[in-house]
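These notes concern the structure reproduced below.
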Amino acid sequence: MPSMPISPSLENGKRKSSSAFQVPEPKRLKYGEASRRSELLEQRRSLPIASASKKLVEEVQKNDTLIVIGETGSGKTTRYCKFGSMVGITQPRRVAAITVATRVAEEMGVQLSKEVGYSIRFEDATSSQTKLKFMTDGMLLREALLDPLLQKYSVIILDEAHERTIHTDVLFGLLKGVQARRREVSKVGTDPEAGDQNKQDKTVAKASEHQTQIQSQMEANSRNGNSKIKQLKPLKVIIMSATLDAQGFSEYFNGAKAVYVQGRQYPVQIMNTYTAEADYLDAALITTLQVHQEELPGDILVFLTGQEEIENMERLLTERIAFLPEGSRKILVAPIYAALPSEQQMRVFEPAPSGYRKVILATNIAETSLTIPGIRYVIDPGLVKAKAYNPRIGVESLAVVPISKAQAAQRSGRAGREGPGKCFRLYTVEAFNQLQDATVPEIKRCNLASVMLQLKALGIDDVLGFDFMDKPSRAAIVKSLEHLYTLGALTDEGKLSDPLGVQMARFPLEPLYAKAMLVSSSFKCSEEMLTTVAMLSAESIFFTPREKFKEANAARQRFSSPEGDHITLINVLRAYTQEVEGGQSLDSEAHHKKFEKKLRGWCSTNFINGRSLRRALDIRRQVRGYVEGMGLELVSCGDDFTHFRRCLTASFFLNSAHKQADGKYRALSSGQTVAIHPSSVLFGKKPDCVIFNELVRTNQQYIRSLTRIDSLWLAELAPQYYSTRDVEDAARPTTQQEDFHSH
DNA sequence: GAGCACTGC
């Protein structure tokens with residue numbers, strides 16, 4: 001089918017300026033509709049089946065594992081209720097778990113948290129009556145630590161499986177193992193010898209890595225006179241995915257059957273440019289104005305890569321709006337990205353006033369995390385800022401990369417939620433065809449320390465042999481195991497150490513932070529470390545909008561510590577407790593809730609992100625619970641931060657950096673040249689030696705969240721890692737080189 | 001002298 005330009009192009013390069021004003025160039029972009037065939041390919045995901053609901057129930061009865069492709073998260077899940085004890089449904093995000101649970105409870109006419117409930121971090125809305133439990137995928141993983149056979153569940157549904165979050169991917173392998181184990185247990189009862197006869201079955205052999213846990217659980221059960229484990233029914237697993245790739249799932253789940261369900265999506269007309277656009281920001285700007293002037297009413301959603309780009313675009317668009325012809329509809333610009341305080345985020349959900357068209361400038365947050373009503377047009381430059389991980393040097397980087405075909409489909413789908421829509425792709429059909437089919441799963445893109453610690457805690461010792469659907473590289477796994485070993489979480493045999501490793505795995509924290517928490521009690525500063533790990537886990541405590549850059553920096557001065565960012569964060573929390581909660585932080589949810597309104601005001605005057613601070617308070621409360629549960633005492637170092645800085649050194653000794661003769665910094669463990677990130681309070685202060693928490697690569701390698709230390713502490717507090725000579729040498733490799741040349 | 005997409009326990 002021939003492409004059809006949506007508007008005539010300007011020919012001969014002749015453009016006239018028709019008014020006395022310097023009107024911006026009325027450059028136009030030509031678009032063609034993508035061929036019918038490729039459009040069909042994208043929408044084929046909605047293969048209809050007759051009376052889907054009834055059929056689905058039949059299929060679940062017949063199959064232990066089922067793959068459902070198409071519309072997800074629907075009330076149909078309620079039908080699975082009758083299959084037994086409890087049905088668990090996982091979602092990748094907290095909000096989704098809450099909203100779906102709420103909707104299903106309404107549909108069933110029951111009170112939320114009774115028969116239908118949800119369970120997410122910091123919030124458990126379930127009861128003993130709960131039969132249908134919605135939860136985040138990470139929450140189910142946590143439950144597996146306490147109950148390796150997931151005995152409470154008869155069915156587990158993994159919703160939005162196509163998103164392939166790191167937790168969903170771990171659950172895939174875990175559930176496969178649990179299924180095999182439960183089959184075996186129901187076959188052979190509690191006789192371990194009978195179990196050995198099945199060793200030839202490969203799946204069962206893999207699953208028998210759970211043996212230790214399961215046996216101790218069996219023993220515990222029989223001690224309690226509980227023979228429930230004998231009667232365990234097979235676990236049914238349902239994978240719900242919105243992508244076409246049923247085959248990949250099916251192959252992984254031993255040839256499980258896939259069924260297709262009709263979607264509820266309206267058609268979206270896909271338009272592509274004829275030529276590649278060098279400046280996608282400019283192209284997005286032009287297209288936005290073009291759509292505004294030529295298309296029917298309906299809001300526009302523009303996908304951009306980050307805060308800075310959104311702020312730039314907002315400025316450019318506002319400038320151009322002034323030149324819109326008299327009498328035309330007006331434009332309301334609404335930015336949204338994750339770091340934007342919620343009060344400002346809410347603006348995108350308000351309908352545009354009459355006579356206005358809303359233009360939403362969004363990051364990936366609008367791709368899946370939130371659904372904005374009223375969108376009819378999507379403008380997609382085809383790029384995303386994505387995290388990548390280099391296991392060799394252990395550095396994460398954030399770079400702008402092309403999206404995948406699946407992401408492109410997800411983005412265009414945002415235009416067809418309420419009616420037919422249009423999607424303008426700022427790239428050619430050829431460029432589209434060259435995109436990767438699907439985004440690389442998260443598990444292949446990040447640091448695996450947490451995941452490996454969890455697997456070890458689940459009794460899975462052979463992590464290199466774990467049955468991943470997409471296996472991370474051997475190098476990435478080995479690197480994370482080395483890291484865990486260095487932290488003391490693993491023994492020489494590679495088993496979880498007791499008590500250190502066991503305690504670390506229990507904390508809902510990065511392994512490094514969990515270790516720091518445990519180390520801090522011997523340095524008499526566990527209160528401060530508790531605050532630090534909570535604030536570091538929460539991220540972006542400070543909010544710095546570009547147009548109020550100076551004010552924001554000035555506001556930060558008040559909390560700033562000459563020793564570095566960790567103490568600065570402690571100062572923020574102490575100031576909050578003093579000024580908002582009247583000096584008494586009771587660390588209880590109800591207590592914090594009382595100060596909700598005051599918190600908001602305090603945060604906005606101090607340029608602090610309220611959502612992040614609240615999150616830090618939540619994490620602190622939760623971690624405090626674990627610390628106390630382990631019988632560890634929480635002590636404060638007061639204003640004597642030397643203990644605390646020494647504790648940071650003992651905990652984060654792997655991340656130290658030294659100033660070189662040329663003023664640049666060198667990371668001791670990897671030998672890389674790094675620079676202090678501009679967001680640090682030590683930026684420009686040139687400390688001799690620091691420890692840091694993050695190493696990120698953007699334009700250069702930056703270290704973030706740092707504290708000034710005495711370099712001699714390294715050899716003293718981490719002798720297993722540094723000798724005094726190492727530390728002395730580290731400060732002058734460049735000088736040595738210069739000396740060599742000069743002689 | 002300059003920057004952090006998005007989730008989750």
Side-chain angles (χ1 to χ4, degrees), chain A residues 90-97 119-124 135-146 160 163-171 303-311 336-340 362-370 383-388 396-401 403 407 439 442-443 445-446 450-451 453-454 457 504-511 513-514 533 537-546 549 552-553 609 612 615 618-619 622-623 625-626 663-664 675-680 682-686 694-700 702-705:
Chain A
T90 71
Q91 298 286 337
R93 280 168 296 277
R94 295 159 50 91
V95 236
S119 171
I120 57 176
R121 188 181 188 181
F122 311 127
E123 217 181 322
D124 183 11
M135 59 189 134
T136 44
D137 47 13
M139 203 66 195
L140 184 59
L141 263 184
R142 281 275 146 185
E143 281 190 16
L145 284 177
L146 303 171
E160 314 281 2
E163 288 193 26
R164 303 291 304 275
T165 69
I166 197 162
H167 293 146
T168 301
D169 267 27
V170 174
L171 282 172
F303 281 101
L304 298 169
T305 63
Q307 174 179 348
E308 196 180 0
E309 203 169 273
I310 287 174
E311 284 171 345
I336 186 160
Y337 45 89
L340 194 73
T363 59
N364 248 13
I365 196 171
E367 201 176 282
T368 47
S369 305
L370 47 90
L383 296 166
V384 67
K385 207 177 267 188
K387 187 156 78 182
E396 288 181 341
S397 60
L398 213 49
V400 175
V401 293
I403 58 172
Q407 272 182 294
T439 315
E442 189 187 6
I443 198 152
R445 286 186 286 127
C446 58
S450 282
V451 166
L453 184 62
Q454 293 235 335
M504 280 171 66
R506 208 171 291 163
F507 279 115
L509 294 171
E510 267 179 45
Y513 294 169
V533 298
S537 302
E539 285 178 358
S540 57
I541 293 292
F542 297 103
F543 175 63
T544 321
R546 175 157 262 203
F549 184 78
N553 271 351
N609 186 328
S612 299
R615 199 178 140 76
D618 280 335
I619 296 173
Q622 191 189 30
V623 174
Y626 280 98
K664 287 183 181 149
I676 294 179
H677 196 278
S679 66
S680 170
L682 294 183
F683 181 72
K685 299 276 194 288
K686 300 278 175 192
E694 279 178 288
L695 181 52
V696 286
R697 191 169 63 84
T698 50
N699 290 333
Q700 47 176 326
Y702 284 106
I703 49 176
R704 285 203 306 220
S705 302

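Chain letters run A, B, ... following the sequence lines, proteins first, then strands; residues in each count from 1. As a basis for the values below, the full set of heavy atoms in this structure was taken, side chains included, without hydrogen atoms, waters or symmetry mates.
- Contacts of Arg94(A) with the nucleic acid, taken as non-hydrogen atoms under 4.0 Å apart, involve only primed sugar atoms and P, OP1 or OP2.
- Look at CZ on Arg445(A): it is 15 Å from P on dG8(B), rounded to the nearest Å.
- Taking only side-chain atoms of Pro508(A), from C-beta outward, the nucleotide of dC9(B), dG1(B), dG8(B) with the closest atom is dC9(B).
- At the phosphate of dG8(B), neither OP1 nor OP2 sits under 4.0 Å from any side-chain N or O atom of Arg142(A).
- Take the nearest nucleotide of DNA chain B for Pro678(A) and for Ile166(A): the residue whose nucleotide is more 5' is Pro678(A).
- Considering only the side chain of Glu442(A), dT7(B) comes nearest among dC9(B), dA5(B), dT7(B).
- Nearest to the side-chain atoms of Thr544(A) among the listed nucleotides dC4(B), dG3(B), dG8(B) stands dG3(B).
- Counting non-hydrogen atoms under 4.0 angstrom, Ser679(A) reaches a base of the nucleic acid.
- OP1 or OP2 of dC6(B) has at least one side-chain nitrogen or oxygen of Thr363(A) nearer than 4.0 Å.
- Checking dC9(B), dC4(B), dG1(B) against the side-chain heavy atoms of Phe683(A) singles out dG1(B) as nearest.
- Residue contacts for Ala338(A): at a heavy-atom cut-off of 4.0 Å it reaches the sugar-phosphate backbone alone, with no base atom in range.
- Going from atom CG of Leu383(A) over to atom P of dC6(B) covers 16 Å, rounded to whole Å.
- How far CZ of Arg142(A) is from OG1 of Thr136(A): 11.0 Å, rounded to the nearest 0.5 Å.
- OP1 and OP2 of dC6(B) both lie 4.0 Å or more from every side-chain N or O belonging to Tyr337(A).
- For the pair Asp137(A) CG and dG8(B) P, the computed distance is 9 Å after rounding to whole Å.
- The CD atom of Glu143(A) sits 17 Å away from the P atom of dG8(B) (whole-angstrom rounding).
- Atom OG1 of Thr165(A) and atom CG of Leu171(A) lie 7.5 Å apart (nearest 0.5 Å).
- Counting non-hydrogen atoms under 4.0 angstrom, Arg93(A) reaches the backbone sugars and phosphates but no base.
- In this structure, Ser450(A) does not reach the dC9(B) phosphate: none of its side-chain N or O atoms is under 4.0 Å from OP1 or OP2.
- The separation between Leu682(A) atom CG and dG1(B) atom C1' is 15 Å, rounded to whole Å.
- No side-chain N or O of Ser540(A) forms a donor-acceptor pair with one of Asn609(A) less than 3.5 Å apart.
- For the residue pair His677(A) and Ser679(A), a side-chain donor N or O sits within less than 3.5 Å of a side-chain acceptor on the partner.
- A salt bridge links Arg93(A) with Glu163(A): the closest approach of a Lys/Arg side-chain nitrogen to an acidic carboxylate oxygen falls below 4.0 angstrom.
- Atom CZ in Arg164(A) sits roughly 20 Å away from atom P in dT7(B) (whole-Å rounding).
- Between Arg704(A) atom CZ and dG3(B) atom C1' the separation is 8 Å, expressed in whole Å.
- Backbone-only engagement by Tyr702(A) is indicated by non-hydrogen atom pairs under 4.0 Å involving sugar-phosphate atoms exclusively.
- Taking atom NE2 of residue His167(A) and atom C1' of nucleotide dC9(B), one finds them 6 Å apart after rounding to whole Å.
- A distance of 13.0 Å separates OG1 of Thr90(A) from CE of Met139(A), quoted to the nearest 0.5 Å.
- Residue contacts for Gln307(A): at a heavy-atom cut-off of 4.0 Å it reaches the sugar-phosphate backbone alone, with no base atom in range.
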